Amino acid sequence: FKSNQRHIMTIEITKEAALKLIGNDEETWRDYKQDELAETSFYHAHGVNIQVIHNWVSAVTQYYVTDINA
């Protein structure tokens, strides 16, 4: 069985690294998704995709970038 699906790998990064990559969010923001447990903002800058996920239950925000080596 051969699959043509491409798996997107992400790695967690620090808030400071994410904010440096995102820069001016008016230019880099792409989309937003919200559900009952979390909200996710999607950005694209410097050739990578960045996700910022805020979990409502734990009040924790996590930052992820697409692994450019994947």
Side-chain angles (χ1 to χ4, degrees):
F1 175 73
K2 193 172 189 178
S3 173
N4 288 332
Q5 286 184 332
R6 190 171 157 219
H7 295 282
I8 305 298
M9 303 298 290
T10 58
I11 56 173
E12 188 170 6
I13 60 175
T14 64
K15 177 181 180 178
E16 294 78 15
L19 295 179
K20 290 272 187 190
L21 284 171
I22 291 169
N24 181 350
D25 65 354
E26 290 181 4
E27 296 175 4
T28 59
W29 182 83
R30 294 295 181 259
D31 202 0
Y32 175 84
K33 182 176 86 173
Q34 183 174 353
D35 60 33
E36 65 274 1
L37 299 178
E39 69 178 16
T40 305
S41 292
F42 301 92
Y43 302 88
H44 183 81
H46 302 283
V48 295
N49 294 313
I50 304 118
Q51 294 180 32
V52 178
I53 303 170
H54 179 75
N55 183 303
W56 297 116
V57 177
S58 65
V60 171
T61 302
Q62 294 174 283
Y63 305 85
Y64 296 90
V65 66
T66 302
D67 183 354
I68 60 174
N69 295 312

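Computed from a prediction, not measured in an experiment: that's the story for all the values here. The first residue in the sequence is number 1, and the count goes up from there.
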Between Trp29 (side chain only) and Asp31 (backbone N and O only), is there a donor and an acceptor less than 3.5 Å apart? yes
Give every donor-acceptor pair under 3.5 Å between a side-chain atom in residues 11-25 and any protein atom, sequence neighbours left out.
unit_1	atom_1	unit_2	atom_2	d
Glu12	OE2	Gln62	NE2	3.3
Thr14	OG1	Ala17	N	3.1
Asn24	OD1	Glu26	N	3.0

- Message: Run Tyr63 and Val52 through side-chain contact (heavy atoms from CB on, under 4.5 Å) and show every step you take.
- Response: CA-CA 5 Å; Tyr63 305 85; Val52 178; 3.6 Å; yes
Rounding to 0.5 Å, atoms OH (Tyr64) and CE (Met9) come to a distance of 12.5 Å
With a 4.5 Å cut-off on side-chain heavy atoms, are Thr61 and Ile53 touching?
no
Just distance, no hydrogens or angles: give the donor-acceptor pairs under 3.5 Å from side chains in residues 38-48, sequence neighbours left out.
unit_1	atom_1	unit_2	atom_2	d
Glu39	OE1	Tyr32	OH	2.6
His44	ND1	Val48	O	3.3
His44	ND1	Asn49	OD1	2.7

